[in-house]
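Lettering follows sequence order; numbering is per chain, from 1.
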2 protein chains.
Amino acid sequence: MQKEHNLSKNQKIIFDLIDKSGEPMKAYSILFNVQKKGIKAPLQVYRALDKLVEIGKIHKIESRNVFIACQNSSCQISKATAFSICESCENVSEISNSKLSKYLSNFSDESGMKYSKYNLEFFGMCKKCKSK
Amino acid sequence: MQKEHNLSKNQKIIFDLIDKSGEPMKAYSILFNVQKKGIKAPLQVYRALDKLVEIGKIHKIESRNVFIACQNSSCQISKATAFSICESCENVSEISNSKLSKYLSNFSDESGMKYSKYNLEFFGMCKKCKSK
DNA sequence: CTTGTAAATGTTATATTATTACATAACGTT
DNA sequence: AACGTTATGTAATAATATAACATTTACAAG
Ligand SMILES: [Zn+2]
Ligand SMILES: [Zn+2]
Ligand SMILES: [Zn+2]
Ligand SMILES: [Zn+2]
């Protein structure tokens with residue numbers, strides 16, 4: 001069962017925006033979109049984003065500096081994330097593949113380092129873009 | 001056999017700096033360090049970095065916005081990268097594990113998307129930091 | 001209910017990371 | 001030499017993110 005997080009006002013505004021957009025969003029585009037709701041400064045956006053990432057409601061796509069709503073409604077893991085990114089249209093989707101996540105969560109090497117978290121980004125051409 | 005790339009003057013200066021440092025470096029720290037060699041503007045640094053990334057001599061650690069020299073001297077792959085990052089001391093090392101790279105290079109799912117590239121970042125505490 | 005504490009907010013300024021635009025030079029091939 | 005490609009130089013600016021500080025809200029312990 002996923003822990004319930006009561007989102008604060010700003011967190012809710014920003015999560016709803018990202019979630020409804022269904023697309024990756026940039027921080028300053030989010031800022032622009034929520035200014036009518038009274039959120040006026042970058043820091044207000046970044047603070048909400050930080051919290052939402054922390055609790056796993058959204059993820060940051062590091063190679064693109066964008067944020068998307070978690071598409072794995074059942075998973076509370078912001079510690080084991082995998083995405084596919086189309087290099088042509090920049091479409092992003094979250095990969096939820098239990099074999100992959102098991103493989104990576106159990107991965108260890110000779111470094112003696114214990115991995116508690118990972119982020120994986122796959123790149124390629126999506127179906128739509130390929131057929132063009 | 002890896003293709004030989006003749007680095008240009010700026011590319012060589014910047015690659016040598018990163019390679020010798022043995023550490024992840026930030027773009028503006030690189031800039032600061034090469035100013036005595038006549039490289040005065042961010043763009044000169046970013047252009048060299050772009051090229052070096054493209055040919056696989058260095059890699060960008062996306063979650064940190066830093067660059068490190070490729071530690072896999074034998075591999076020409078800038079298309080299949082994996083790193084371990086210590087969240088305490090920010091030490092980064094490149095993982096070269098043939099099973100892992102095979103597994104990920106062959107990964108496919110039902111999306112119909114063909115993945116031509118991936119980047120994986122593992123996070124945790126390195127040996128040194130754990131023992132403190 | 002009040003007091004203490006953590007979390008969230010508001011606001012201004014600033015730091016950090018990266019690119020646009022345009023001009024010139026060097027390199028490699030024919 | 002002429003051509004196309006790659007690299008360089010320079011100035012300005014865009015895009016991303018954080019520091020510092022003041023205040024407010026939420027919520028639990030006493
Ligand atoms: Zn998710
Ligand atoms: Zn696409
Ligand atoms: Zn490498
Ligand atoms: Zn460490």
Has B:K51 got a side-chain N or O lying under 4.0 Å from the OP1 or OP2 atom of D:dT6?
no
To the nearest angstrom, how far is B:L7 atom CG from D:dT8 atom C1'?
15 Å
Check: A:H59 ring centre within less than 6.0 Å of A:F67 ring centre
no
Does C:dT16 have its OP1 or OP2 closer than 4.0 Å to a side-chain nitrogen or oxygen of B:N65?
no
May I have the distance from B:K12 (atom NZ) to D:dT8 (atom C1'), rounded to whole angstrom?
18 Å
From CD1 of B:I55 across to P of D:dT6 the rounded distance in Å is 13 Å
Looking at B:Q44, does any N or O in its side chain come under 4.0 Å of the phosphate oxygens OP1/OP2 on D:dG9?
yes
How many Å lie between CZ on B:F32 and P on C:dT16, as a whole number?
13 Å
In this structure, how many angstroms lie between the C1' atom of C:dA7 and the CG atom of A:L52, rounded?
14 Å
On the side chain of B:Y28, is there an atom forming a donor-acceptor pair with the base of C:dA15 - under 3.5 Å, no angle test?
no
Testing the 3.5 Å rule here: is there a donor-acceptor pair between the side chains of A:S8 and A:N10?
no
Under 4.0 Å between a side-chain N/O of A:N6 and OP1 or OP2 of D:dC27, yes or no?
no
Does B:S8 place a side-chain N or O at less than 4.0 Å from the phosphate oxygens OP1/OP2 of D:dT8?
yes
Aromatic contact, B:F123 with A:Y115 (centres under 6.0 Å):
no
Whole-Å distance separating the CG atom of A:L31 from the P atom of D:dT18:
15 Å
So, is A:K40 near the phosphate of C:dG10, with a side-chain N or O under 4.0 Å from OP1 or OP2?
no
Separation of D:dT8 atom P from B:L49 atom CG, nearest Å, is 12 Å
What residue pairs, at least two apart or across chains, pass ring pair (Phe, Tyr, Trp, His ring centres under 6.0 Å) with a residue in residues 20-40 of chain B?
none
Hey, can you tell me if B:Y118 and A:F122 have their rings parallel, tilted or perpendicular (30° and 60° cut-offs)?
perpendicular
Could you give the CD-to-P distance, from A:Q35 to C:dT9, as a whole number of Å?
17 Å
I want to check one thing: is the phosphate of C:dG10, taken as OP1 and OP2, less than 4.0 Å away from some side-chain N or O of A:K9?
yes
Between D:dA17 and A:Y46, is there an OP1 or OP2 to side-chain N/O distance shorter than 4.0 Å?
yes
Under 4.0 Å between a side-chain N/O of B:Q11 and OP1 or OP2 of D:dA7, yes or no?
yes
Closest nucleotide of DNA chain C for A:R47 versus for B:L43: which of these residues is on the 5' side?
A:R47
Check this one for me: any side-chain N or O of A:K60 less than 4.0 Å away from OP1 or OP2 of D:dA17?
yes
